[in-house]
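Labels below follow one simple rule: chain letters A, B, ... track the order of the sequence lines, proteins then strands, and each chain is numbered from 1. Given the structure is predicted, the values throughout are model-derived calculations rather than measurements. Atom set for the values below is all heavy atoms of this structure, side chains included, hydrogens, waters and symmetry mates excluded.
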Amino acid sequence: MKSPGSITAEDHILGLKWNPEGTRLLATPATGAVLVADEAATLLEELPGHGMGNGISDWFDSEPATCGFDGKIRCGSREWKPGRGMIEHVRTSPDGALLAAGQGKALYIFDTAGSDEKSLRDLPTVVSDLAWNPKSPAEIATAGAGGALLWRLGEKEPFARFDWGGASLLVRWSNDGRWLATADQTASVHVYDIPRDNPLNMEGFESKVRALAFSADGKRLATAGSSVVTVWPCASAKGPDGAHPIQVDGSESEVLALDFSPATGQLATGDGEGTLLVVTFEKGQFRRKRARLGAGISALAWHPSKPLLAVGHTSGLVTWLSMES
Amino acid sequence: MSRIPVTILTGFLGAGKTTLLNRILGENHGLRIAVIENEFGEIGIDHELVINAEEELFEMNNGCICCTVRGDLIRILGNLMKRRDKFDHILIETTGLADPGPVVQTFFVDEELREQTAVNGVVTVVDAHHFSRHVGETHEAEEQVAFADVILLNKSDLATPEELEETEQRIRAINALAVIHRTTRAEIDIKKVLEVGGFNLDRATELNPHFLDAHGHHHHHHSDISSVGIEAEGDCDGKKLNDWISKLVRDQGQDIFRMKGVFAVKGQADRVVFQGVHMLIDAASGGPWAGRPRKNSLVFIGRKLDREALTSGFRSCLA
């Protein structure tokens with residue numbers, strides 16, 4: 001691993017996001033300025049933070065879209081404040097046309113002109129996380145109390161309920177559109193096989209599950225929840241149902257961040273002690289490279305087309321790591 | 001790592017919570033206090049240290065019927081704990097109609113919050129003039145009083161001395177342990193609100209059930225929520241005590257809002273202190289008896305408490 005460079009934010013890195021072209025990286029710290037850097041780790045821009053805390057940013061309409069505890073969304077010269085409550089994340093639809101933000105029991109959807117007419121208000125639960133269907137830009141999942149709900153824009157009722165009665169913290173939708181997965185407060189992961197309308201429940205994690213990620217082809221789901229990362233096979237007809245997952249050890253403490261490379265299929269994992277694992281999968285086996293990077297790793301983002309990894313730390317440092325030999 | 005103290009502020013609509021919050025935020029006390037406000041629909045406080053969040057209740061789905069917690073708090077506090085510049089104190093305001101139970105339970109249930117924060121106490125603001133009406137209208141007003149470590153009997157200037165006395169007695173009948181301050185426009189020394197120590201097991205050693213005798217039985221009791229204090233000399237059998245408390249919270253945990261105790265356990269030189277909220281209990285060593293007589297003190301605040309059954313149940317645990 002070689003490091004082309006690094007930048008430093010004021011605080012713990014909450015999220016990292018490359019733009020679709022892979023030319024710029026957005027680094028969101030817990031407080032303070034949101035940073036924009038290029039592929040070579042040159043700092044390009046410092047965007048104002050959101051008061052008491054930032055939410056997770058995304059790219060929208062070729063601009064960084066930031067949000068936070070002040071209830072505001074800023075995107076270039078545009079600013080929206082749909083309500084008083086905090087906004088924990090914004091997420092751009094797969095076609096890039098819409099920006100979604102959960103604020104309390106409302107799911108706001110903005111288009112590039114700023115119209116929010118597709119928003120859903122008075123949802124049954126607060127939105128703790130949200131995920132667009134990569135295969136259908138008119139479908140979005142919200143997580144919260146009870147589980148996850150799947151919505152079609154323009155409809156007032158969810159078209160599917162993944163309501164297992166507990167509490168979901170994170171929700172992710174696989175790129176092939178088949179799987180929806182939630183990471184839960186109750187040390188569990190719930191996976192929903194959408195075409196088969198079949199919910200699966202994975203329990204036995206050591207703690208609440210703070211990270212999960214699908215591989216770009218949707219064939220693997222990696223879950224945190226301890227110092228061992230569990231990788232579930234999702235390629236077969238039944239997916240993880242009855243299958244033996246791969247257990248990736250080597251971390252020194254609880255894993256806080258996971259990401260699969262769209263370019264190489266490798267999985268990167270980061271723990272609270274700063275241990276980075278880069279895992280390569282081959283015919284049901286895996287091999288891993290391990291590096292100790294100092295401060296705890298709180299966010300990871302692979303470049304969309306190159307073997308280049310951005311690593312965000314609890315200290316505010318963001319390091320670029322190239323896997324090219 | 002030192003844990004950040006958290007105070008939970010409850011009170012019925014219009015009792016004066018916002019006035020108190022504005023006072024806390026405006027005073028020159030030298031503390032950095034983050035406020036999490038949940039009063040959607042009411043007049044919010046526009047201040048850089050205030051976070052607005054919509055209350056999100058969720059069940060842990062782990063078989064414990066009392067494990068309803070506040071998901072929004074888990075996420076907000078989790079985020080605040082990540083900050084490099086930590087706060088000196090965190091204040092959580094609940095909605096006027098909120099049951100404080102889930103807020104308190106959140107700090108027992110979430111591992112991360114247990115490690116990084118310490119619930120300092122529940123402060124309840126009561127409208128001295130309208131409390132009787134609020135109690136008659138909903139059960140939340142009573143539950144907010146039952147959970148409290150400190151009660152501000154606010155708007156005292158609007159009530160007659162007789163009304164004040166009657167309201168205070170009514171509050172005492174529900175919660176005999178809370179410290180009551182009579183206030184006007186929520187004027188109070190901020191230390192009396194922030195330095196409560198109601199969930200601090202060290203301070204549980206100061207428990208005095210005789211307080212109940214002085215206040216608990218001399219007036220009309222309109223509520224089915226009350227306090228029961230038990231005191232007994234002699235050592236407990238640790239296993240019997242554990243079995244009794246476990247069964248008690250399993251069978252009646254839903255109706256027990258708060259419990260605190262100091263025990264002399266056979267074979268243990270130090271005091272054993274414990275506290276609980278509904279079905280969630282926490283125990284620790286309370287340090288040496290330091291010359292004081294070894295005796296057991298226990299207080300329950302809850303709904304439909306059976307004093308005789310609790311007393312005889314506890315006495316059966318004596319060694």
Side-chain angles (χ1 to χ4, degrees), chain A residues 9-14 29-32 50-56 68-71 83-89 102-106 123 125-129 143-147 164-170 184-188 190 201 203 206-208 210 254 256 296 298 314-316, chain B residues 25 32-65 67-87 90-91 95 102 105-106 109-116:
Chain A
E10 287 176 38
D11 214 332
H12 179 119
I13 299 297
L14 293 178
T31 60
H50 288 262
M52 289 279 278
N54 295 317
I56 309 267
F69 281 20
D70 59 2
R84 272 169 54 201
M86 61 175 182
I87 298 176
E88 293 170 81
H89 24 61
Q103 187 176 44
K105 288 180 180 167
L123 302 187
T125 66
V126 169
V127 180
S128 63
D129 197 13
W164 55 279
S168 294
L169 304 172
L170 305 172
D184 307 319
Q185 175 75 25
T186 47
S188 61
H190 284 73
N201 177 19
E203 292 184 341
E206 284 176 15
S207 65
K208 63 181 171 186
R210 289 181 172 84
E254 189 176 346
L256 304 177
S298 50
T314 53
S315 62
Chain B
L25 287 166
R32 280 191 81 227
I33 303 172
V35 175
I36 300 171
E37 197 191 26
N38 284 275
E39 286 286 5
F40 267 67
E42 289 197 1
I43 300 165
I45 299 174
D46 190 15
H47 191 284
E48 60 179 355
L49 295 178
V50 174
I51 300 163
N52 281 288
E54 195 156 348
E55 184 179 273
E56 178 198 7
L57 293 175
F58 62 57
E59 291 167 22
M60 293 294 285
N61 202 19
N62 58 0
C64 170
I65 52 175
C67 284
T68 301
V69 300
R70 284 272 302 273
D72 57 319
L73 292 181
I74 291 174
R75 296 198 308 279
I76 294 170
L77 291 166
N79 192 306
L80 291 181
M81 294 304 116
K82 286 172 184 159
R83 297 169 63 109
R84 187 170 295 162
D85 58 331
K86 306 287 187 212
F87 291 95
I90 294 170
L91 216 149
T95 56
Q105 285 162 190
T106 303
V109 165
D110 188 82
E111 219 172 282
E112 206 173 1
L113 293 188
R114 275 179 79 107
E115 283 171 12
Q116 298 183 357

Largest heavy-atom contact set with chain B, pairs under 4.5 Å, which of A:Met52, A:Glu88, A:Lys105, A:Glu10: A:Met52

Pairing residues for A:Asp11 by the side chain to side chain contact (heavy atoms under 4.5 Å, CB included) criterion, not counting sequence neighbours: A:Pro29, A:Ala30, A:Thr31, B:Arg83, B:Arg84, B:Asp85

A:Ser168 (side chain) donor-acceptor with A:Ala143 (main chain) under 3.5 angstrom: no

Contact class of A:Asn54 relative to chain B, heavy atoms under 4.5 angstrom: backbone

Smallest separation among heavy atoms of A:Ser207 and A:Glu254, with atom names: OG-OE2, 2.9 Å

ring-ring contact (aromatic ring centres under 6.0 Å, His included) partners of A:His12, counting only residues at least two apart: none

Toward chain A, the part of B:Leu57 with a non-hydrogen atom under 4.5 Å: backbone

